[in-house]
S.K.: 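This is the structure, below, for whatever I ask next.
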Amino acid sequence: KTKTTKNAAAKISSNSKTTKSPLDQLKQLNLASGVLALLLALAAGLLMSGASYQMFTTLLTTDELASKSETVFVPAVHFVVDVQLRWMVVVILVLSAFVPLMAATRQRKMYEDALAEKVMPIRWIEMGVISALMIEVIALLSGIQDMMTLKLMAGFMVVTGLLGWFAEKQPTNGKSRRFFYLSLATGSLPWLAIAVAAVGTVVY
């Protein structure tokens with residue numbers, strides 16, 4: 001009986017040594033997600049087409065034909081730059097790999113401290129920046145090419161990330177719910193513009 005008890009204790013001790021802690025498992029998950037994002041970035045750079053989209057700014061210009069007796073202004077566009085979506089996707093994926101890899105290596109202590117405090121600003125900053133770039137890509141694919149409109153949409157996504165951080169910082173404060181609802185509003189506005197562009201594509 002004593003021998004059986006000792007064997008059971010030794011087995012439990014052996015299992016406890018081989019079983020990894022949740023933080024170690026999280027480190028492996030961060031490493032895996034970072035490496036996967038880098039591999040996807042490489043695949044996007046090599047395999048995606050070189051299709052480019054023009055970004056322009058809007059302005060008013062004189063209609064020479066209509067301006068006989070008085071000056072008539074009409075809306076116009078000025079093309080600013082051509083962008084290849086392939087490289088925008090590559091940048092998004094590389095940025096997506098940066099935070100997990102840093103959390104698993106050089107910034108692991110800071111990452112684990114943030115987990116313990118249940119407040120992680122780097123996560124919301126990453127979300128704001130990556131979401132801003134992603135919303136620009138989706139908007140370009142939906143037909144929105146005005147540069148200022150694209151940058152405003154990206155700005156709304158950055159504000160959404162900051163509001164999420166503020167809500168996380170004040171989990172017991174009634175204002176946290178306000179920040180949460182504000183983040184929903186600012187995060188929805190760019191999608192509303194994309195939906196209007198999509199409907200316009202079908203209707204017109």
S.K.: Nearest 0.5 Å please: distance from the CD1 atom of Ile130 over to the CE atom of Met157.
M.R.: 11.5 Å
S.K.: Determine yes or no for a side-chain-to-main-chain donor-acceptor pair under 3.5 angstrom, with Gln145 supplying the side chain and Gln54 the backbone.
M.R.: yes
S.K.: Is Tyr111 close to Leu26 at the side-chain level, that is, under 4.5 Å between some pair of heavy atoms?
M.R.: yes
S.K.: Are any non-hydrogen side-chain atoms of Thr105 and Asn30 less than 4.5 angstrom apart?
M.R.: no
S.K.: Ignoring hydrogens and angles, state whether a donor on the side chain of Thr71 or Thr62 is under 3.5 Å from an acceptor on the partner side chain.
M.R.: no
S.K.: What's the separation between atom CD in Glu112 and atom CE in Met120, rounded to the nearest 0.5 Å?
M.R.: 9.5 Å
S.K.: Please report the interatomic distance CD1(Ile135) to CG(Leu152), rounded to the nearest 0.5 Å.
M.R.: 13.0 Å
S.K.: Is a side-chain N or O of Ser52 found less than 3.5 angstrom from the main chain of Gln84, in a donor-acceptor match?
M.R.: no
S.K.: For Gln25, which residues count as a side-chain hydrogen bond (donor to acceptor under 3.5 Å, both in side chains) partner, sequence neighbours excluded?
M.R.: none
S.K.: Report yes or no: does Ser131 contribute a side-chain atom to a donor-acceptor pair with the main-chain N or O of Gly128 at less than 3.5 Å?
M.R.: no
S.K.: Indicate, with yes or no, if Leu23 and Ile122 share a hydrophobic cluster defined by side-chain heavy-atom contacts under 4.5 Å among Ile, Leu, Val, Met, Phe, Trp and Tyr.
M.R.: yes
S.K.: Could you check whether any side-chain heavy atom of Met153 comes within less than 4.5 Å of a side-chain heavy atom of Ile144, counting everything from C-beta outward?
M.R.: yes
S.K.: Hey, quick one: are Trp124 and Met110 part of the same hydrophobic cluster, counting side-chain heavy atoms closer than 4.5 Å, chains of contacts allowed?
M.R.: no
S.K.: Is a salt bridge present between Arg108 and Asp24, judged by a nitrogen-to-oxygen distance below 4.0 Å?
M.R.: yes
S.K.: Is the ring pair Phe79/Phe56 parallel, tilted or perpendicular, if the boundaries are 30 and 60 degrees?
M.R.: perpendicular
S.K.: Under the criterion side chain to side chain contact (heavy atoms under 4.5 Å, CB included), I'd like the reasoning laid out for Leu163 against Phe180: C-alpha separation, chi angles, the key distance, then a yes or no.
M.R.: CA-CA 7 Å; Leu163 289 172; Phe180 171 71; over 6 Å; no
S.K.: Find out if a path of hydrophobic residues (ILVMFWY) with successive side-chain heavy-atom gaps under 4.5 Å connects Val119 to Phe179.
M.R.: yes
S.K.: Could you list the donor-acceptor pairs under 3.5 angstrom formed between side-chain atoms of residues 197-204 and any protein atom two or more places apart in sequence or on another chain?
M.R.:
| residue | atom | partner | partner atom | Å |
| --- | --- | --- | --- | --- |
| Thr201 | OG1 | Ala197 | O | 2.9 |

